[in-house]
Each structure stands twice: as structure tokens, then as C-alpha cells.
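All remarks here apply to the structure that follows.
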There are 2 protein chains.
Amino acid sequence: MILKKDAENSVEATPKGSTKPHLTAGQQSVLDALQHQPQPLSAQALHGLMRCQQPIGLATIYRALDALKLLGLVQHRVTLTGETLYSAVKHDHHYLTCLQCGVSVPVDTCPVKELEAHLQGARSFRIYYHTLEFFGVCDRCEA
Amino acid sequence: MILKKDAENSVEATPKGSTKPHLTAGQQSVLDALQHQPQPLSAQALHGLMRCQQPIGLATIYRALDALKLLGLVQHRVTLTGETLYSAVKHDHHYLTCLQCGVSVPVDTCPVKELEAHLQGARSFRIYYHTLEFFGVCDRCEA
DNA sequence: TCAGGAATGATAATCATTATCATATTGCAA
DNA sequence: TTGCAATATGATAATGATTATCATTCCTGA
Ligand SMILES: [Mn+2]
Ligand SMILES: [Mn+2]
Ligand SMILES: [Zn+2]
Ligand SMILES: [Zn+2]
């Protein structure tokens, strides 16, 4: 992959000194849409949902998602089929995914919080979110 | 995505009753190649490495990697650029990845083992491996 | 009000991965 | 052994999610 970046990413969407980041119209709509969804969604699925209410270009959605990730407001996860799913950062959901049929079942426990806090301090890295996923074969596919 | 499957996946590569799974020539070479690499590799990188020694088609490599995943011998991880990296299942390596520049630094700790064992028992799911990755912004990009 | 920068949308291009399909190998029954 | 059907392999075309382009519109501050 490795394609040239369009331009300097606007990390500085946040006015200096302001505590709340300034969001563009597109970013705001995307964030709103995501926050009203209980399930992670692909960019294209989002596009399908949003184009009815507030028409918005697919490219804008991708750009907004990138920006929101960089702001720590949105997180992502990649499915076995290569789609990227996005969700608002709040609760963290993890999954148990079957390599054969692709079914994903949620896992409620998460033992990562502690380690995350520890890393946060030890490394010079601002951590926004984490992914944790288990892969294996479900019983139906075991047969 | 969601493309039709080529044919029935050969989950039954393992002769009934045998404890060691039978690997095809391609699968064996791919596994060997991976086991000699300290770093996770993409399918195409593997192809580059292998084509010198034992010529092998790229499609065969992808097929072998899928089969080896299903056998619990190989694990995968998807980078921010959408490449899938494969490695032999032995130690589990986890990463801290910068959403801005894409740099990944290894994390040595892993608090997941225990939960994995627990899930293994509770769910009717055979777990082969897990991914754990932290996303944020590195200090260089923070500026 | 006006110029420069940022945001947006439509659309073309990219490229890792899959699907196809023709050919080569393998496993096994007769 | 031999012949055959099933499986594996390679070359190559197709797919499709994501990116890059670029023309246009929207803001914002001087
Ligand atoms: Mn978690
Ligand atoms: Mn681990
Ligand atoms: Zn399954
Ligand atoms: Zn960085």
C-alpha cells in the first residue's frame, strides 16, 4: 500500500490552548452518527446511513474518521474480510472470531485496562484505545 | 468485500485420527519460511523471500497462510495501511502503534493469557491466538 | 469585501487480496 | 503398476475497500 499523503494532516484542528477540539461539519456528523450506533460500522455503511439525513461524500467520511481517530474520539478494528469498522471510543468491546466462518461473538471481560495505564506512563506515547481479539474455530465449524 | 468462496475449504487436511496435520508442499514451505523469520511478514514479502529458493506462486502463499491459520500454526495482524502480516504462532508479540506516523513499537507484557484460558473453557470455541494492539500518538508526532 | 486556506464531493487510481481456470500432482482403488 | 478423481498449484483477471486528485464551495481574518 503506502500511498503518498495528500497534505499535512490537520492534527492542529484543535485551536491552541482550547480544551475541546474544533470539529468540522463532516467530522461532527460522523461522530454523531457513530455515537448513536450500538455496533461498529464500516465507512461505507456509515455513508449509507448518513446520506439520507445529511448528504455527505464518502471521501469526507473517510477523512473525518481518520481525524477523529487522531483525536482519540473514534476507534477502529479490521474484520477478517478486510473491512475496517469504526466506533466511538467509550466502552471497549472485544471479540472472539472464527477463522472459518467469520462469526464474531463479543467478549465482555477486558484485562488490558491496567496494562494500558502502565504503558501510558512508561512510554512517551499517548494511548487512545486498544484492540483485543481472539481467533479460533467455533464449534459449528469444528465439525 | 464478501466474495464467493472458491470451494469447500479443506479443513479436513488432517487425516482422521492422526495427531499431526498433513501439510501440502506449499504450506510446509510457507511455514518453514515464517518460522525462520523473527518479524511478522506480509504475504507479498514472503513471496519475495521464497521465490528465490523454492519458486512458489503468490496465490499458493495466500492459500497456505489461510490453511495454516485454520490449523492454529500461523497468526495474523493487520497494519494501519491495510497489509496483513503473518507470523508463526509461538511467542505472542503485541504493539503500540502511532495513528499518525504508523510506527509500531513492541510491548513485552501480555495480560491476556489468563482470560484466553478462561474463555477457552467457557465458550465452545477453540482459540488459536489473539491480537492485542494499542493505538495512539507517539511523542514525535505529538508536536 | 476579498484573498488564502481549509473542507467537501465526485471521481479516478491504487493495490492487497480473491476468484478463475487451465495444468500439474497426488492418493488410492482396481 | 495403471488410471482416475480429487487436490494443489500458478498465472492472471477481477474485486473492492481505501486513497489520491482536483475542481468547487465554505470560512475566516485582515
Ligand atoms: Mn479492552
Ligand atoms: Mn498476548
Ligand atoms: Zn465458525
Ligand atoms: Zn508517530
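Labels below follow one simple rule: chain letters A, B, ... track the order of the sequence lines, proteins then strands, and each chain is numbered from 1. As the structure is a computational prediction, the values presented were derived from the model and not from experiment.
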Atom pair distance, as rounded to whole Å: [atom1] in [X] and [atom2] in [N]:
X: A:Arg77; N: D:dT18; atom1: CZ; atom2: P; value: 13 Å
X: B:His22; N: D:dA6; atom1: NE2; atom2: C1'; value: 13 Å
X: A:His76; N: D:dT18; atom1: NE2; atom2: P; value: 10 Å
X: A:Gln44; N: D:dT19; atom1: CD; atom2: C1'; value: 13 Å
X: B:Asp66; N: D:dA8; atom1: CG; atom2: C1'; value: 15 Å
X: B:Leu46; N: C:dA16; atom1: CG; atom2: C1'; value: 14 Å
X: A:Leu68; N: C:dA7; atom1: CG; atom2: P; value: 12 Å
X: B:Gln27; N: D:dA8; atom1: CD; atom2: C1'; value: 9 Å

Residues which pass side-chain hydrogen bond (donor to acceptor under 3.5 Å, both in side chains) with B:Thr79, listed by chain and number, not counting sequence neighbours: B:Thr81
Side-chain donor or acceptor of B:His47 paired with backbone N/O of B:Gly57 under 3.5 Å: no
OP1 or OP2 of D:dT7 under 4.0 Å from side-chain N/O of B:Thr24: no
Short side-chain N/O contact to C:dT17 OP1/OP2 from B:Thr84, under 4.0 Å: yes
Under 4.5 Å side-chain linkage, directly or through intermediates, the cluster mates of A:Val78: B:Val78
Co-members of the apolar cluster containing B:Leu58 [side chain, <4.5 Å]: B:Tyr62
Geometric class of the A:Tyr86/A:His76 ring pair [parallel <30°, tilted 30-60°, perpendicular >60°]: tilted
Nearest-nucleotide pick for A:Tyr62, side chain only, options being C:dG27, D:dT19, C:dT17: D:dT19
Qualifying salt bridge (charged side-chain N to carboxylate O under 4.0 Å, His left out) pairs with a residue from residues 118-129 of chain A, counting only residues at least two apart or across chains: A:Arg126-B:Glu142
Contact list for residues 92-118 of chain B, test salt bridge (charged side-chain N to carboxylate O under 4.0 Å, His left out), sequence neighbours left out: none
What pairs of nitrogen or oxygen atoms, one from the protein and one from nucleotides 9-11 of chain C, lie under 3.5 Å apart?
unit_1 : atom_1 : unit_2  : atom_2 : d
C:dG9  : OP1    : A:Pro55 : O      : 3.3
C:dG9  : OP2    : A:Gly57 : N      : 2.8
C:dG9  : OP2    : A:Thr60 : OG1    : 2.7
C:dG9  : N7     : A:Arg63 : NH2    : 2.7
C:dG9  : O6     : A:Arg63 : NH1    : 3.4

